[in-house]
There are 2 protein chains.
Amino acid sequence: MISYNGKEYVCALDFGFNLIKGKWKVVILCHLGNGAKRFLELQRIIDGISQKVLNQQLRSLEADGLIEKVVYPEVPPRVEYYLSEKGKELYPALKMIESWTTKHYDLYCKDEE
Amino acid sequence: MISYNGKEYVCALDFGFNLIKGKWKVVILCHLGNGAKRFLELQRIIDGISQKVLNQQLRSLEADGLIEKVVYPEVPPRVEYYLSEKGKELYPALKMIESWTTKHYDLYCKDEE
DNA sequence: CAGCATCCCCCGGGATACTG
DNA sequence: CAGTATCCCGGGGGATGCTG
């Protein structure tokens with residue numbers, strides 16, 4: 001049993017998995033995996049996500065150290081998100097799940113860019 | 001965009017990840033990964049899960065083909081759950097997430113048996 | 001362009017009790 | 001022992017509108 005920030009986890013996997021359980025988190029991580037992206041760029045790529053929720057997910061991922069951002073002091077503002085070292089190291093696992101899925105469920109994902 | 005059972009998914013990863021997003025699913029898969037288990041056994045190992053929810057998670061995993069079960073026609077009933085081929089192939093990815101977690105977050109998981 | 005503030009809704013999951 | 005049947009609750013996330 002693991003306690004962390006008042007929440008309890010059954011084991012390390014449970015804890016780690018919870019870091020990426022958010023509805024859009026893995027998708028975000030996956031997209032950032034092949035290149036830094038701006039806020040609006042992400043919103044456009046990820047069909048159906050609202051600004052508020054995108055923000056939430058990004059903040060959460062940032063707080064957990066999976067992603068980082070650069071804020072360019074410009075007008076209009078420009079912010080770029082990218083995978084941290086930690087995030088990059090998780091990336092292969094996500095790719096494994098992705099290929100596992102395509103292998104067993106025969107779905108097609110239109111990959112952008 | 002992928003449609004499946006009336007639900008929409010942004011991409012294959014999104015779809016596949018959703019198969020294991022349930023609160024206890026990865027934990028169950030992980031435990032079944034090192035040996036078949038009976039219902040009560042799982043409930044005892046996974047601290048805090050109720051019968052109803054354990055059942056839900058098992059049914060869902062079964063429906064998605066990640067686990068299978070054998071029902072022994074005995075009294076009292078005996079049911080054993082174990083990873084399907086599909087499930088076994090996903091297992092390494094879960095292990096990767098687990099070791100990624102322990103590497104970066106320094107948590108300890110008391111592994112039973 | 002990035003990202004708060006509100007309000008609201010849904011359903012996954014908790015607690016408890018009952019059966020073959 | 002391995003399930004079902006109810007009732008209930010919380011919070012993650014959707015929709016919309018406003019600001020620096």
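Letters A, B, ... are given to chains in the order of the sequence lines, protein chains preceding strands, and every chain is numbered from 1.
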For the side chain of A/Arg59, counting heavy atoms from C-beta on, which of D/dA2, D/dG3, C/dC4 is nearest?
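Selected nucleotide (nearest to the side chain): C/dC4.
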Can you tell me the distance, in whole Å, between the [atom1] atom of [X] and the [atom2] atom of [N]?
X	N	atom1	atom2	result
B/Leu58	D/dC1	CG	P	16 Å
B/Glu80	D/dA2	CD	P	9 Å
B/Gln43	C/dA15	CD	C1'	13 Å
B/Ile28	D/dA2	CD1	C1'	14 Å
B/Glu62	D/dA2	CD	P	14 Å
A/Ile45	C/dC1	CD1	C1'	16 Å
B/Arg78	D/dA2	CZ	C1'	13 Å
B/Leu54	D/dA2	CG	C1'	10 Å

Is there a donor-acceptor contact under 3.5 Å linking the side chains of B/Ser3 and B/Glu8?
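Judged by distance alone, the side chains do pair up.
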I'd like to know if the side chain of A/Tyr81 pairs up with that of A/Glu68 as donor and acceptor (distance under 3.5 Å, no hydrogens or angles considered).
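No, no side-chain donor-acceptor contact under 3.5 Å.
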Stepwise, does the side-chain contact (heavy atoms from CB on, under 4.5 Å) test hold for B/Trp24 with B/Ile46?
CA-CA 8 Å; B/Trp24 306 95; B/Ile46 304 171; 3.4 Å; yes
Sugar-phosphate means primed atoms, P, OP1 and OP2; the rest is base. With that split, encode nucleotides 6-20 of chain D 5' to 3' as B, S or - using protein heavy atoms under 4.0 Å.
BB-----BBB----B
Could you please spell out the steps behind the salt bridge (Lys or Arg N to Asp or Glu O under 4.0 Å) verdict for B/Glu41 and B/Lys37?
CA-CA 6 Å; B/Glu41 217 173 335; B/Lys37 302 264 183 312; 5.2 Å; no
Need one value for B/Tyr81: base, sugar-phosphate or nothing, where a base atom within 4.0 Å counts as base even if backbone is also close, heavy atoms only.
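Sugar-phosphate contact only.
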Would you indicate, yes or no, if D/dT4 has its OP1 or OP2 atom less than 4.0 angstrom from a side-chain nitrogen or oxygen of B/Asn55?
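Answer is yes, contact under 4.0 Å.
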Answer yes if the ring centres of B/Phe17 and A/Phe17 are under 6.0 angstrom apart, and no otherwise.
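They qualify: ring centres under 6.0 Å apart.
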Show every salt bridge (Lys or Arg N to Asp or Glu O under 4.0 Å) that has at least one partner inside residues 80-94 of chain A, sequence neighbours left out.
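Those involving residues 80-94 of chain A are A/Glu85-A/Lys88, A/Glu89-B/Lys103.
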Can you check whether A/Gly65's main-chain N or O pairs, donor with acceptor, with A/Ser84's side chain at less than 3.5 Å?
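Side chain of A/Ser84 to backbone of A/Gly65, a donor-acceptor pair under 3.5 Å: yes, one is there.
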